Amino acid sequence: MIRFNEACGNAGKVVAARLLPDTDLIEGIEEICKSNQIKYAYVSCFGSFKKCGYMYLVPKTTAKVKAGYGDIITKEGPIEFLNGTGVVCQNNNKYDTHFHATMCDKNGAVFGGHIVKGHTPTLTTVDLIIMEIKDVEMLRVYDEETDLTQFLPQK
């Protein structure tokens, strides 16, 4: 069985940017989008963090899909931010960025997951490319089937 939601749009502006030290990753991405009048976007970036707050999926027997995000995990830095990708969406006309990252600690141990807004400040830099997505609404909405907030692209 193959099931999906999709909407075909177009690329708009491309913004190359750098987050300066102490700027939260998600808040910085959303502020750059706001300053460039970008409502929906794809983001790719890398750099370093002072610390990070992230979550990953854990078994949850009470959840509809038997899994869900665990508690916020905070790792102190320095943290090498190897790669991150995300989608800048809207939820009730407010930015709702869904972002995942791969990182490593000072010992080279690799970890990653879903980045939590307000918990991940830049150490030296985060270099990013933001590509605006046009002619598509990229929403984050409650999904009854999974009992979670999910990505919903639509025309």
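For the single chain, residues carry numbers from 1 onward in sequence order. Please read all numbers here as calculations on a predicted model, not as lab measurements.
Sorted by first and then second residue, the side chain to side chain donor-acceptor pair (under 3.5 Å) pairs involving residues 143-155 (not counting sequence neighbours) are Arg3-Glu145, Glu137-Gln154, Tyr142-Asp147, Asp143-Thr146, Thr146-Gln150. A salt bridge (charged side-chain N to carboxylate O under 4.0 Å, His left out) check over residues 52-66, counting only residues at least two apart or in different chains, returns nothing. The stretch residues 99-113 participates, sequence neighbours left out, in no salt bridge (charged side-chain N to carboxylate O under 4.0 Å, His left out) pair at all. Pairs engaging residues 26-35 under the side chain to side chain donor-acceptor pair (under 3.5 Å) rule: Glu30-Thr97, Glu30-Lys117 [sequence neighbours left out]. Identified under the ring-ring contact (aromatic ring centres under 6.0 Å, His included) test for residues 11-39, with sequence neighbours left out: none. Evaluation of the side chain to side chain donor-acceptor pair (under 3.5 Å) test over residues 80-92, restricted to residues two or more places apart or in two chains, returns Asn91-Asp96.
Residues passing the side chain to side chain contact (heavy atoms under 4.5 Å, CB included) test with Phe46, sequence neighbours excluded: Asp127. In this structure, the side chain to side chain contact (heavy atoms under 4.5 Å, CB included) partners of Lys51, at least two apart in sequence or on a different chain, are Thr74, Glu76, Pro121. Residues passing the side chain to side chain contact (heavy atoms under 4.5 Å, CB included) test with Leu123 are Ser48, Lys50, Pro78, sequence neighbours excluded. Under the ring pair (Phe, Tyr, Trp, His ring centres under 6.0 Å) criterion, Tyr42 pairs with no residue at all, not counting sequence neighbours.
Using a 4.5 Å cut-off on side-chain heavy atoms (C-beta onward), Pro153 and Val87 make no contact. Within the 4.5 Å cutoff, the side chain of Val88 has no heavy atoms near those of the Met131 side chain. By the 4.5 Å heavy-atom criterion applied to side chains, Met103 and Phe81 are counted as neighbours. Side-chain atoms of Cys89 and Tyr95, non-hydrogen and from C-beta on, never get closer than 4.5 Å to each other.
A cation-pi arrangement, defined by a distance under 6.0 Å to the six-membered ring centre and an angle within 45 degrees of its axis, is present between Lys75 and Phe111.
In terms of hydrophobic clustering, with Ile, Leu, Val, Met, Phe, Trp and Tyr side chains grouped at heavy-atom distances under 4.5 Å, Ile115 and Val58 are assigned to a common cluster. Hydrophobic cluster membership is shared by Ile26 and Ile79, with clusters built from Ile, Leu, Val, Met, Phe, Trp and Tyr side chains linked at under 4.5 angstrom.
In this structure, SG in Cys52 is found 10.0 Å from CG in Leu25, a value given to the nearest 0.5 Å.
The other residues sharing a hydrophobic cluster with Tyr69 are Met55, Leu57, Ile72, Val116, where clustering joins ILVMFWY side chains under 4.5 Å apart.
The shortest non-hydrogen separation linking Leu128 to Val43 is CD2-CG1, 4.4 Å. Here the closest non-hydrogen pair linking Val136 and Ala7 is CG2-O, 3.7 Å.
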Side-chain polar contacts of residues 10-17 - donor-acceptor pairs under 3.5 angstrom, sequence neighbours left out - could you list them?
residue, atom, partner, partner atom, Å
Asn10, ND2, Asp135, OD2, 2.6
Lys13, NZ, Asn36, O, 2.4

